[in-house]
Amino acid sequence: MALTGRAALLAALGSIPVGILEPSWTGMLAVNGTLALACAVDYALAAPVRGLTLTRSGDTSVRLGEPAEVHLTVTNPGTRPLRARVRDAWPPSSWLPGTETDASRHTLAIPAGERRRITTRLLPTRRGDRRADRVTIRSYGPLGLLARQGTHTVPWTVRVLPPFTSRKHLPSRLARLRELDGRTSVLTRGEGTEFDSLRDYVPGDDTRSIDWRATARQNKVAVRTWRPERDRHILICLDTGRTSAGRVGDAPRLDSAMDAALLLAALASRAGDRVDLLAHDRRTRAQVQGRSAGDVLPAFVNAMATLEPELVETDARTLVSTILRNAPRRSLVVLLTSLDAAPTEEGLLPLLPRLTQRHTVLLASVADPRVEEMTRSRGTLDAVYEAAAGTQSQATRRRTADQLSRHGVHVVDATPDTLAPALADAYLSLKAAGRL
């Protein structure tokens with residue numbers, strides 16, 4: 001039961017003449033007694049709330065930054081018309097700050113025996129599962145003085161997926177992949193390391209590609225054609241430990257690493273390679289294995305949606321053991337982790353020989369563009385100190401990257417905006433050189 005503002009206003013207005021003309025308990029009782037009777041009648045005529053039937057439909061998944069619509073159907077099985085205000089509650093991160101009140105509240109008018117559908121529009125600001133909370137309904141009588149109020153639990157979950165903002169780089173990398181495969185008309189022949197077929201020599205071909213045995217058999221010059229490696233295994237490893245929680249710009253490092261992993265997965269699956277995912281810190285948080293080329297990207301996006309950085313130190317020994325267990329044959333292992341000196345030198349470096357003697361290892365890390373800005377600071381004493389700190393930070397990262405390179409690791413260190421295309425380019429370079 002809820003008293004409305006209209007009832008309070010009428011009580012105040014009725015008390016004014018009584019207080020001025022004849023201030024007495026009798027006058028107050030006459031005014032408020034009449035109002036109480038009107039409230040009781042209004043409450044009796046309001047449609048019951050508990051007997052309503054509520055169901056949901058609508059979107060079950062949406063990319064971060066895109067709107068989602070969830071429909072709530074309210075059925076009034078009673079004999080009285082329903083005039084109500086409805087609050088469809090969701091977690092605060094389901095809307096932009098300041099828009100929750102307008103988006104979650106609705107006005108309903110449902111005749112007896114009928115149903116109506118209302119739509120709640122969500123605009124999530126974080127990845128993960130957004131679960132609907134209670135639906136609160138306040139049913140008013142014809143006078144609008146007193147209302148019945150009740151809550152219903154109507155479960156619904158909207159999964160907010162990673163945005164995949166690096167998708168815009170995919171067409172240009174696919175074009176480069178087609179050039180490597182020799183399937184586009186370009187000035188250079190397709191590069192690669194796997195034998196594809198024989199064809200007749202034409203002026204301009206590399207003489208090193210001439211197959212002399214085939215030339216002797218058919219009495220005309222034949223050349224070998226090559227194609228990039230195919231059907232290779234790629235294992236993308238996301239480090240979800242404490243270093244992935246550091247914010248670079250407006251997002252954690254983990255989100256930038258996910259975006260780079262999605263672009264690489266899309267590109268590698270189009271190139272005919274098998275791509276798996278492993279998210280790990282002290283234990284495995286998510287894993288995708290054995291998916292077909294068409295299912296790789298949806299599986300990756302769904303697995304990444306609920307991942308959050310864990311405020312624990314990544315167990316490098318367990319991570320390496322898990323990688324070796326999931327990649328028994330030679331593979332390209334892509335580590336999306338930090339280049340911070342302490343965790344890398346103390347955790348990963350001593351274990352690298354176990355990985356590099358069996359696999360090709362590519363390490364990608366998110367660099368902070370603010371550090372580059374700091375190195376250019378001048379003019380004041382504070383700015384000079386900032387420049388010195390930024391330069392020292394960059395030198396430490398370069399030293400760590402050099403140590404990794406000496407162990408045979410290919411290192412990509414780039415800002416959030418450039419990490420995804422840089423990682424894709426590194427993959428294409430390894431593919432063209434036959435290093436997978």
Side-chain angles (χ1 to χ4, degrees), residues 59-68 124 126-130 157-178 180-181 183 228-240 244 251-280 284-308 323 326-327 331-336 362 364 366 412 414 416-428 430-431 436:
D59 296 330
T60 57
S61 64
V62 64
R63 290 195 181 277
L64 183 64
E66 296 180 359
R126 291 180 58 190
R127 287 182 295 102
D129 290 339
R130 298 291 166 268
T157 301
V158 176
R159 173 157 289 188
V160 185
L161 307 173
F164 194 12
T165 55
S166 62
R167 183 191 296 270
K168 60 188 177 184
H169 300 289
L170 185 57
S172 61
R173 270 60 191 181
L174 288 176
R176 173 60 178 156
L177 180 65
R178 287 191 293 270
L180 295 178
D181 210 9
R183 286 181 288 169
E229 297 172 304
R230 296 185 182 183
D231 197 30
R232 296 300 189 263
H233 181 225
I234 300 172
L235 179 60
I236 301 175
C237 304
L238 287 173
D239 181 358
T240 56
S244 67
R253 280 188 168 92
L254 180 60
D255 285 26
S256 300
M258 286 182 183
D259 196 47
L262 289 175
L263 180 62
L264 178 59
L267 180 61
S269 61
R270 297 280 190 91
D273 293 326
R274 295 171 290 112
V275 192
D276 293 340
L277 173 70
L278 175 68
H280 191 92
T284 299
R285 302 289 177 178
Q287 192 168 10
V288 176
Q289 284 184 313
R291 298 304 178 98
S292 63
D295 294 335
V296 164
L297 203 58
F300 270 47
V301 167
N302 195 55
M304 291 177 180
T306 56
L307 281 179
E308 294 293 343
I323 291 173
N326 286 274
S331 308
L332 172 63
V333 176
V334 181
L335 289 172
L336 287 152
L362 173 60
V366 183
V412 175
D417 293 336
T418 59
L419 179 65
L423 181 59
D425 290 340
Y427 161 76
L428 290 173
L430 290 173
K431 195 174 187 67
L436 300 188

Residues two or more places apart in sequence or in another chain: which of them pass side-chain hydrogen bond (donor to acceptor under 3.5 Å, both in side chains) with [X]?
X      : result
Thr60  : none
Arg127 : Asp255
Thr165 : Asp259
Thr157 : none

State the [atom1]-[atom2] distance between [X] and [Y], to the nearest 0.5 angstrom.
X      : Y      : atom1 : atom2 : value
Leu263 : His169 : CG    : NE2   : 7.5 Å
Thr240 : Glu308 : OG1   : CD    : 10.5 Å
Leu332 : Tyr427 : CG    : OH    : 8.0 Å
Leu307 : Leu277 : CG    : CG    : 7.5 Å
Ser61  : Glu66  : OG    : CD    : 10.0 Å
Leu430 : Leu362 : CG    : CG    : 6.0 Å

At their closest point, which heavy atom of [X] faces which heavy atom of [Y], and how far apart are they?
X      : Y      : result
Ser166 : Ala420 : CB-CB, 3.5 Å
Pro163 : Leu64  : CB-O, 3.6 Å
Pro416 : Ser256 : CB-OG, 3.4 Å
Val275 : Ser269 : CG2-N, 4.0 Å
Ala422 : Val412 : CB-CG1, 3.8 Å
Asp59  : Ala68  : OD2-CA, 3.4 Å

Contact between [X] and [Y] at the side-chain level, heavy atoms closer than 4.5 Å - yes or no?
X      : Y      : answer
Asp239 : Leu335 : no
Lys431 : Leu177 : yes
Leu278 : Asp276 : no

What donor-acceptor contacts under 3.5 angstrom involve side-chain atoms of residues 290-302, with partners at least two apart or in another chain?
residue : atom : partner : partner atom : Å
Ser292  : OG   : Asp295  : OD2          : 3.1
Asn302  : OD1  : Arg159  : NH1          : 3.1

Evaluate the side chain to side chain contact (heavy atoms under 4.5 Å, CB included) criterion for residues Leu428 and Leu267: first the C-alpha distance (whole Å), next the side-chain angles of each, then the deciding distance (0.1 Å), finally the verdict. CA-CA 9 Å; Leu428 290 173; Leu267 180 61; 4.0 Å; yes
Could you note down all residue pairs passing salt bridge (charged side-chain N to carboxylate O under 4.0 Å, His left out) where residues 162-173 supplies at least one of them, sequence neighbours left out? Arg173-Asp425
For Ala327, which residues count as a side-chain contact (heavy atoms from CB on, under 4.5 Å) partner, sequence neighbours excluded? His233, Leu235, Ser331, His359
Please enumerate all residues that pass salt bridge (Lys or Arg N to Asp or Glu O under 4.0 Å) together with Arg274, with sequence neighbours excluded. Asp231
